[in-house]
Participant: 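Sending over a structure as structure tokens; questions will come in a sec.
When a residue number appears, it is its place in the shown sequence, counting from 1. Excluded from the calculations below are hydrogen atoms, water molecules and symmetry mates; all remaining heavy atoms, backbone and side chain alike, are included.
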Amino acid sequence: MTTTASAPRLPPHTDPRFERRTSAQHAAAYIRRLVLDGTLPPGTHVPQDEIATALGVSRIPVREALIALEREGWVTLQTHRGAFVNRLDEQLIRDHYELFGVLYGFAAERAAETADADAIAQISELERAISAARDPAEIERLAIAFHAAIVSTANSPRLKVLLRAMSSIVPGNVFEVVGETVAIEKRGQALIARALRRSDGERAAAEYRRLMRRIGDQVVRYFHDRGVFAA
């Protein structure tokens, strides 16, 4: 690991979705952004005090954020030394979305077994709404609601815990940052909703995995274009 001669100059946080997150989740999103925009390159020591100051929080949520980011592969925590940024690679991004596909696919299979007419109607209504939506913020809101409705229908507390432990790998709204994902999300949701209406859990799970894999492909391309991955 290497360190910088002086602490990096950190940009202010401007994420309007702060109110929907805990301080630790917000800190994790902020640190991801610093990594992805090159402010904290691979091998850099993560300046916890500066990050806490930039966010207006104590070191406790920053520490919690780093523990979560180590689980996700973003940083390595070293005893008595702090956290250091890991080298990002394509496989990390692909694994992230593959795992989302597996977990949501499990939820879809379970939902196909347990869903009643009202649950299917709600899922279908959300899918129709996102199909008609054009604003990225509205698409994000509806996408979150669609996936949450399926997870809720699956009625698996353990699954909810696992999904809460994961978070978006793209800083900000992925549908705004990586515009190609909008059409992928809409098409994927349509196929998932159709499978659920037919009580075909296996097909719904397969479509979920395909959806997340295709979004992962676009995110990898986005990071490649930005030169995030090291040679």
Participant: Could you grab the distance from atom CD of Glu207 to atom CD1 of Ile192, nearest 0.5 Å is fine?
Facilitator: 7.0 Å

Participant: Are the side chain of Asn173 and the backbone N or O of Pro136 linked by a donor-acceptor pair below 3.5 Å?
Facilitator: yes

Participant: Checking Asp200 against Arg194 for the salt bridge (charged side-chain N to carboxylate O under 4.0 Å, His left out) test, could you report, in this order, the C-alpha distance in whole Å, the side-chain angles of both residues, the deciding distance, and whether it holds?
Facilitator: CA-CA 9 Å; Asp200 189 344; Arg194 179 190 300 173; over 6 Å; no

Participant: Looking at Glu70 and Ile67, would you say the former's side chain and the latter's main chain have a donor-acceptor pair under 3.5 Å?
Facilitator: no

Participant: When you compare the side chain of Leu40 with that of Pro47, does any pair of heavy atoms fall below 4.5 Å?
Facilitator: yes

Participant: Return the minimal non-hydrogen interatomic distance between Ala143 and Glu185, and the atom names on each side.
Facilitator: CB-OE2, 3.7 Å

Participant: Please answer whether the main-chain N or O of Gln218 pairs with a side-chain N or O of Glu180 as donor and acceptor at a distance below 3.5 Å.
Facilitator: no

Participant: Answer whether the closest heavy-atom distance between the side chains of Lys186 and Ile139 falls below 4.5 Å.
Facilitator: yes

Participant: Considering only heavy atoms from C-beta outward, does the side chain of Phe146 approach that of Ile123 to under 4.5 Å?
Facilitator: yes

Participant: I'd like to know if the side chain of Thr114 reaches the main chain of Thr153, judged simply by a donor and an acceptor atom lying under 3.5 Å from each other, with no hydrogens or angles considered.
Facilitator: yes

Participant: Mind checking the CD1-CD1 spacing from Ile120 to Ile150? Nearest 0.5 Å is all I need.
Facilitator: 8.5 Å

Participant: With sequence neighbours left out, write down each residue that passes side chain to side chain donor-acceptor pair (under 3.5 Å) with Ser156, or none if nothing qualifies.
Facilitator: none

Participant: Check whether any side-chain heavy atom of Arg128 lies under 4.5 Å from a side-chain heavy atom of Glu125, and answer yes or no.
Facilitator: yes

Participant: What side-chain donor-acceptor pairs closer than 3.5 Å can you find for residues 95-107, not counting sequence neighbours?
Facilitator:
from, atom 1, to, atom 2, distance (Å)
Asp95, OD1, Gln91, NE2, 2.7
His96, NE2, Ser167, O, 3.0
Glu98, OE1, Arg213, NH2, 3.3
Glu98, OE2, Arg213, NE, 2.6

Participant: Do Val178 and Thr181 have side chains that approach each other closer than 4.5 Å (heavy atoms only, starting at C-beta)?
Facilitator: yes

Participant: Would you please test Glu138 and Arg141 for salt bridge (charged side-chain N to carboxylate O under 4.0 Å, His left out) and show each step?
Facilitator: CA-CA 5 Å; Glu138 179 68 0; Arg141 184 187 70 80; 2.7 Å; yes

Participant: Are there more than 12 heavy atoms of other residues, nucleotides or ligands under 6.0 Å from atom CZ of Arg94?
Facilitator: yes

Participant: Provide the closest heavy-atom pair for Arg210 versus Arg203 in the form atom of the first, atom of the second, distance.
Facilitator: NH1-NH1, 4.2 Å

Participant: Would you indicate whether the side-chain heavy atoms of Leu36 and Phe223 approach each other to under 4.5 Å?
Facilitator: yes

Participant: Please determine whether side chain to side chain contact (heavy atoms under 4.5 Å, CB included) holds for the pair Glu176 and Glu140, giving the CA-CA distance in whole Å, both sets of side-chain angles, and the decisive distance to 0.1 Å.
Facilitator: CA-CA 9 Å; Glu176 184 173 14; Glu140 180 190 44; over 6 Å; no

Participant: Quick one: does Trp74's side chain get under 4.5 Å of Val35's, heavy atoms only?
Facilitator: yes

Participant: Got a donor-acceptor contact below 3.5 angstrom from the His45 side chain to the Arg81 backbone?
Facilitator: yes

